[in-house]
Asks: 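Could you have a look at this structure, given as structure tokens, before my questions?
Being a predicted model, the structure only gives us computed values, none of them experimental. Proteins come first, then strands; the chains are lettered A, B, ... in the order of their sequence lines, and each starts at number 1.
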Amino acid sequence: MHASIRACVLLAATLITSLAWAVPYTPATDTELLQALPPRLDSARQILDPAAAARTAQALIEAARREGDPRFLGQAQAILNHWNDVATAPVRLLVLRATVQQSLHRFDQALDTLGVVLRREPADAQALLTRATILQVRGDYRGATQDCQRLWSGGAAVPAQLCLAGIASMTGRAAATEVLLLRLLDGVSSNDRATRVWAYTLLAEGAERLGKASAAERYFQQALATDPGDRYLLAAFSDWLLDQRRATEVIALTASAGQDDNLLLRRALAWSRLGDARALTLTAQLRERHDLAARRGERTHLREEARLSLWLEHDAARALALAQQNWLQQKESADCRILLEAAAAARNASQREGVLQWALANGVSDARLAHWGST
Amino acid sequence: MIAPARWLLLLLACIVWPGVASAHVSSDSFLVLRASGNTLAGHWDIALRDLDVVLDLDANGDRQLSWGEVRSHASDISSYALRGLAITEQGALCELRTGAMMIDRHQGEAFVVLPLLAHCRAAVASPVIGYQLFAGVDANHRGLLDLELSGATFSAALAPGAPATRFEPHAGGRCQALRQYMGTGIEHIWSGYDHLLFLLSLLLPAVWRRQQPQAGAHGSLRAAVLDVARIVTAFTVAHSITLALATFDVVRVPPRWSESAIALSIVVAALNNLWPVVTRRIWLMAFGFGLLHGFGFANVLSDLGLPAPTLAMALLGFNLGVEAGQLAVVLAFLPVAYLLRDTFFYRRLVFTGGSVLVALAGASWLLERAAGLPPLTQWLFR
């Protein structure tokens, strides 16, 4: 009896000490390593040449996406801020600025910038594609379709098809989209990794919407084979694995891909499903991150915060508030899902009705809609 | 008795476990300042990663920063930082000085900790702070400021290059803040059914305490009041202690553990009414479990991220509020319970029936919190 009490006390002490850690200190030796640095990118220099600025900003944006590190976006923005006059700034730099804004989830700003670009250069493919993506995320399917069609008339056939495929998949034509995408992939060179990954990702999401589990897995695997480090893909596949009750595979997937908040969230969810106490530490860490973002005045990851609140902190009311706020900004499948789940947990039936009506009105069709948030 | 080898293993777990690898956040610096007379004192935590972008600290190019590399750039770091901060009081610039650099970790990243001291020409009453750190380098960088001024705390996210911000305390800031936190405390205990249910479970049998026979007619009332007072005081003292410990991060308990333990305490208290195991010195039980309940209040204040002196005042206000709210409930309960104590209504329905219901509620909470299940009430009222 006494031994097990002692064990309990020590276990409690372990948990407590592992959570409380940060105190300022003076390192004992000069050789103590403090911080790992990413590969050096030329960003701090004052760049006044537009071409050089475009190259550097592009490199920073790609680094941000690859590493899942928003710091590079801030650095890109600092360079692009030298050309603040939207009437005279080079179009290329404005498009890059809109890309940064989109990556930071500042959709209104991005749409404003893209509006300026497209008034000056109505056929700019990158701008059209970026705007179509944002509009789709926003749930403006008509506006997004128009931009995709303008892409098509501008001659960018493959991006235009992918653009249209994304919208079609969301709005009830996932089966037809699958056929189209497979045909498209046949014609795309195996060196064109970006297009292949994009196509496979759309195929996987389409298969999910149709409720075809083995097809979804196949497409996810093919996408990951093409680009094993794509963070969006890793997060999407992790979510699918969690739904399939394959939480242990999520642990492996998220460990090898480095660490960023999105993947950490899936990791915490997986640990939570497995009953592993490490979920608690990670939950606390993620909560700190979100609180820090709130202090900065940024509420751009509301979807993830809502999932954290609902599934890891078991706070349905907070999750619902966050999911509702998120819904004002974004209307992707995952946003729909967390809203329905939070509404169910908070016993808000009218919210559920509202979402289903929105889906009906916008032609959104998803085999999982009826299932989400009903238990 | 646990074998020594297993003790060693558990001890190693204490030391080794905290290794959570670094992860990615936006660029933040943390500026903590406290005004006192003509000076502002505090510290400024700046990320090593950010400083490397500007100052190129990695001398040997191995993409790892060592203390030696950082230390050799100490004066560069200090002067770069001071160029990024301007504090003015009544139009005159305050003189800024830094102290010996230290290191701290936030969100898994290493930060330089610069002790700061600002000397102003006049008493610091409404300082204007201009922030320029990493201007032109990272447009997304923010300086997260915690400023304590005349007992009030100000939090701000300063953007490099944005217009300077003026901080002015409202009149009566300290009293107002105290009252605000008291309100939070009262609201918290009244909406925290688990705490109240635990307390009431302990108080239900208290009205039956009998004083010694020779004490006279008012003996049993006096005994009852004394007993209630003992229990409530013990509970209050206990949860105040752990609330303070948790708020100042001296002790941290994961919410799932503390919430589950609180639910368990409710079950135990209610079951003890039905099958008395502890009949004397109930106040000890109130104290023991009260320690757990304190953790249940803690996240309210620690979430605010206040600096220690303001947190102390917030804690005082919050605790007073909790006690006031608690006292209100006890004062409402006690006379009614005492008058009804001999009735069938009280004995069977309130006491026995109430204890059963409380035990069930506690058990369902325990299941929810420990097993992480969705609220069972959701399932019931589907």
Asks: Look up atom CG in L104(A) and atom OG in S26(B), then write down how far apart they are to the nearest 0.5 Å.
Replies: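 Going from the CG atom of L104(A) to the OG atom of S26(B) covers 7.0 Å.
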
Asks: Rounded at 0.5 Å granularity, tell me how far CH2 in W67(B) sits from CG in L33(A).
Replies: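 With rounding to 0.5 Å, CH2 (W67(B)) is 13.5 Å from CG (L33(A)).
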
Asks: Count the heavy-atom pairs under 4.5 Å between each of Q77(A), R296(A), E32(A) and chain B, then report the option with the highest count.
Replies: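 Of the candidates given, the most pairs with chain B belong to R296(A).
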
Asks: Any luck finding a side-chain donor-acceptor pair between Q107(B) and E288(A) under 3.5 Å?
Replies: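 A pair is found: one side chain offers a donor N or O, the other an acceptor, under 3.5 Å apart.
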
Asks: Does the side chain of H314(A) reach to within under 4.5 Å of the side chain of E368(B), using non-hydrogen atoms?
Replies: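 They are not in contact (no side-chain heavy atoms under 4.5 Å apart), so the answer is no.
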
Asks: Can you tell which part of R71(B) gets under 4.5 Å to a heavy atom of chain A, answering side chain, backbone, both or neither?
Replies: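 The side chain, not the backbone.
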
Asks: Is there a side-chain contact between L73(A) and N140(B) in this structure, where contact means two heavy atoms from C-beta onward sitting under 4.5 Å apart?
Replies: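 No, their side chains stay 4.5 Å or more apart.
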
Asks: Would you check if the side chain of R105(B) reaches a backbone N or O of L34(A) as a donor-acceptor pair within less than 3.5 Å?
Replies: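 A pair under 3.5 Å: yes.
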
Asks: Provide the closest heavy-atom pair for L37(A) versus D58(B) in the form atom of the first, atom of the second, distance.
Replies: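 Shortest heavy-atom contact: CD1-CB, 3.9 Å.
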
Asks: Under a 4.5 Å heavy-atom cut-off, does chain A meet the side chain of L145(B), its backbone, both or neither?
Replies: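 Interface part for L145(B): backbone (N, CA, C, O).
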
Asks: Going through the checks in order, is the side-chain contact (heavy atoms from CB on, under 4.5 Å) test met by Q35(A) and Q64(B)?
Replies: CA-CA 6 Å; Q35(A) 180 70 41; Q64(B) 288 275 1; over 6 Å; no

Asks: Only pairs of heavy atoms separated by less than 4.5 Å count here; which of D50(B), V113(B), L57(B) has the most with chain A?
Replies: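 Maximum pair count with chain A is reached by D50(B).
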
Asks: Determine, for D138(B) against R71(A), whether the closest basic-nitrogen to carboxylate-oxygen distance falls under 4.0 angstrom.
Replies: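 No salt bridge links D138(B) with R71(A).
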
Asks: Counting heavy-atom pairs closer than 4.5 Å to chain A, which one of A157(B), A47(B), S66(B), G61(B) comes out on top?
Replies: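 The option with the most such pairs is S66(B).
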
Asks: Would you please name every residue forming a ring pair (Phe, Tyr, Trp, His ring centres under 6.0 Å) with Y25(A), sequence neighbours left out?
Replies: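 By the ring pair (Phe, Tyr, Trp, His ring centres under 6.0 Å) rule, Y25(A) matches no residue at all.
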
Asks: Let me confirm one number: the CG-CZ distance from L144(B) to R295(A), rounded to the nearest 0.5 Å.
Replies: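 Interatomic distance, L144(B) CG to R295(A) CZ, rounded to 0.5 Å: 4.5 Å.
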
Asks: Which one wins on heavy-atom pair count under 4.5 Å against chain A: S72(B), A156(B), A110(B)?
Replies: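 Maximum pair count with chain A is reached by A110(B).
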
Asks: Among E69(B), R63(B), R142(B), who wins on heavy-atom pairs under 4.5 Å with chain A?
Replies: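 Looking at each option in turn, the highest pair count goes to R63(B).
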
Asks: Which answer fits T283(A), side chain, backbone, both or neither, if we ask what part of it has an atom under 4.5 Å from a heavy atom of chain B?
Replies: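 For T283(A), no heavy atom lies under 4.5 Å from chain B.
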
Asks: How long is the straight-line distance from CE of M102(B) back to OG1 of T26(A), given to the nearest 0.5 Å?
Replies: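 If we round to the nearest 0.5 Å, T26(A):OG1 and M102(B):CE are 5.5 Å apart.
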
Asks: State whether the number of non-hydrogen atoms from other residues, nucleotides or ligands found under 6.0 Å of R106(A) atom CZ is greater than 12.
Replies: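 Check passes, neighbour count above 12.
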
Asks: Start with the C-alpha distance between V53(B) and Q75(A), add both sets of side-chain angles, then the distance that settles side-chain contact (heavy atoms from CB on, under 4.5 Å), and finish with yes or no.
Replies: CA-CA 10 Å; V53(B) 170; Q75(A) 290 168 19; 3.6 Å; yes

Asks: Against chain B, label P38(A) side chain, backbone, both or neither, depending on which of its atoms sit under 4.5 Å from a heavy atom there.
Replies: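 For P38(A), heavy atoms of backbone and side chain both lie under 4.5 Å from chain B.
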
Asks: Can you tell which part of E298(A) gets under 4.5 Å to a heavy atom of chain B, answering side chain, backbone, both or neither?
Replies: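 E298(A) touches chain B through side-chain heavy atoms alone.
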
